[in-house]
Novice: 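Have a look at this one before I ask anything.
Numbers restart at 1 for each chain; the letters A, B, ... are given by sequence-line order, proteins then strands.
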Protein chains: 2
Amino acid sequence: MTDRRRTILEGAARVIARRGVRGLRVSEVAAEAGVSTALVYYHFKDRPGILRHALAFIGDRADRYTSAAQEPTAAGPEDPRERLERMLLLEFQDLPEVRENSTAWGELRAHSVFDPELREELATAGAAWAAEVAELLTVACPGAPGPAAGAAAERLTALLEGLSVRWLSGLVRQAHARELLRAAVRLEVDRLAATIT
Amino acid sequence: MTDRRRTILEGAARVIARRGVRGLRVSEVAAEAGVSTALVYYHFKDRPGILRHALAFIGDRADRYTSAAQEPTAAGPEDPRERLERMLLLEFQDLPEVRENSTAWGELRAHSVFDPELREELATAGAAWAAEVAELLTVACPGAPGPAAGAAAERLTALLEGLSVRWLSGLVRQAHARELLRAAVRLEVDRLAATIT
DNA sequence: GTCTATAAAGCGATAGAC
DNA sequence: GTCTATCGCTTTATAGAC
């Protein structure tokens, strides 16, 4: 990808974070990137094209920071439950990049209620994420039945998104959202552990 | 409120459920209600005015059907936990009115990320709802500490909204969403009960 | 109160010069 | 590749008759 394209997509990501997917105006993306609207069309054909590339761009960045969380830390061996908590809590950070990602993801979800075309992509990404969480849950609770871990993962990811929108709209403070999510992880892990013994 | 105003707001509720808050067109509201666009402006001043009244209208309807669930059933005395489950599960019904309400509520939430003006109203309604859930939780678990019940209520309402958007966009079936929510209620109630003994 | 007709503005998209 | 200028459609909002 050329630098110009990247610059425009970065601008688009900021605009999505500020106005939402539905509030995105091509002229605002151009202004944000410091180029003319014609150039945006030249590189991305039309508004859906801009949106498609911007969302892919944002998704790539998200993969980068969530998979980084999977790596073992320098601090030595870590409790699997702590690793799961750390991974999920990555969504609640006050970094511009993370806010942009969370905002875009929430918009995608909300928009999918009215736009069936988005659902397939959303279902794939969501299933992959839930599977990752379920995997970490079974590592934390070896021997836990697969369906139980799957259901727990679905609840945790749905809860995370419910909390995410509250955080992004300023209805709960970041620390509180993190605390609620952490408590939910412990609840689910304890419950899974209890099904074994 | 006059009949005409009510007719227009009912139309607006259907349009919001079909197109979303951002997708609402005044002309479509008018067509849905079977009146001219000018009449819509006459009664509600401008687009934000239509939106404001429509969302209040929808909120009132939601109050009506959720508070109805609080009443004792003819079937006799009911477990408090079951009453809580029943109340929360009301959000997952395939009735047009319920879908409209859930959709509009989800839209309100999603939109509030970008529109600070919506937050106050949302905070009030959300707090009242969470308080109701917390109250039922303490009835189910007498002696449970207030803050613990409050946190459980926040998790349950956030989870419900996370599941709601998945249901409305067809990513999970209704029965599955209900099952996940019911399991979460039991998890939270059991946990609260354990803090006492 | 309700309508038809239209003004005014916003926005996606393109033409054509450089 | 990049810009300025503009076209054309959509949508909000109002004027004025009834």
Side-chain angles (χ1 to χ4, degrees), chain A residues 1-58 103-104 107-108 110-111 113-115 117-118, chain B residues 1-58 103-104 107-108 110-118:
Chain A
M1 164 163 32
T2 68
D3 281 358
R4 256 296 190 257
R5 282 173 71 96
R6 177 178 305 275
T7 302
I8 293 171
L9 292 180
E10 285 167 354
R14 287 193 297 275
V15 171
I16 289 172
R18 193 187 310 133
R19 310 280 184 210
V21 166
R22 291 163 283 188
L24 178 142
R25 301 285 166 260
V26 180
S27 58
E28 192 172 354
V29 171
E32 186 73 31
V35 300
S36 67
T37 69
L39 190 63
V40 177
Y41 284 106
Y42 171 79
H43 281 297
F44 299 103
K45 182 169 158 55
D46 54 14
R47 189 179 177 281
I50 298 163
L51 234 27
R52 212 177 46 250
H53 285 90
L55 293 171
F57 174 77
I58 289 167
T103 304
E107 273 285 284
L108 213 51
H111 204 179
V113 174
F114 309 103
D115 182 357
E117 288 191 25
L118 290 175
Chain B
M1 166 163 34
T2 67
D3 281 0
R4 259 290 191 260
R5 282 173 71 95
R6 177 178 305 276
T7 303
I8 293 171
L9 292 179
E10 284 167 356
R14 287 193 297 275
V15 171
I16 290 172
R18 193 187 312 131
R19 308 281 185 213
V21 166
R22 285 247 204 3
L24 178 142
R25 300 285 166 259
V26 180
S27 58
E28 192 173 354
V29 172
E32 186 72 32
V35 301
S36 67
T37 69
L39 190 63
V40 177
Y41 283 104
Y42 172 80
H43 281 297
F44 299 103
K45 180 169 162 54
D46 55 14
R47 189 180 177 281
I50 299 163
L51 233 28
R52 216 177 43 251
H53 284 91
L55 294 170
F57 174 77
I58 289 164
T103 305
E107 274 286 286
L108 206 54
H111 204 181
S112 75
V113 174
F114 311 104
D115 181 357
E117 288 190 27
L118 290 176

Novice: Sub-3.5 Å donor-acceptor pair from the side chain of E107(B) to the main-chain atoms of G20(B), do we have one?
Specialist: no
Novice: Toward the 5' end of DNA chain D, which comes first, Y42(A) or T37(A), by nearest nucleotide?
Specialist: Y42(A)
Novice: Determine the sole option in V15(A), V35(A), T37(A), L51(A) for which the side chain to side chain contact (heavy atoms under 4.5 Å, CB included) test with V29(A) is passed.
Specialist: V15(A)
Novice: Taking only residues two or more places apart in sequence or in another chain, which ones pass side-chain contact (heavy atoms from CB on, under 4.5 Å) with R6(A)?
Specialist: M1(A), E10(A), F57(A)
Novice: Considering only heavy atoms of chain B and a distance under 4.0 Å, specify the first and last nucleotide of DNA chain D in 5' to 3' order that meet this criterion.
Specialist: dT11(D) to dA15(D)
Novice: Using only atom types and a distance under 3.5 Å, with no angle test, would you say the side chain of R19(A) pairs donor to acceptor with the backbone of F114(B)?
Specialist: no
Novice: What is the distance, rounded to the nearest whole Å, between atom CG of L39(B) and atom C1' of dA5(C)?
Specialist: 16 Å
Novice: By salt bridge (Lys or Arg N to Asp or Glu O under 4.0 Å), which residues pair with R25(A), not counting sequence neighbours?
Specialist: none
Novice: Can you sort out the partners of R18(A) under side chain to side chain donor-acceptor pair (under 3.5 Å), two or more places apart, ordered by chain and number?
Specialist: E28(A), E32(A)
Novice: So, using side chain to side chain donor-acceptor pair (under 3.5 Å) as the criterion, who are the partners of R47(A) when residues are at least two apart?
Specialist: none
Novice: Check each residue of residues 19-33 of chain A for a non-hydrogen atom within less than 4.0 Å of any atom in DNA chain D, then write out the ones that pass by number, or none.
Specialist: none
Novice: Would you find a donor on one side and an acceptor on the other, under 3.5 Å apart, between the side chain of S112(B) and the backbone of D115(B)?
Specialist: no
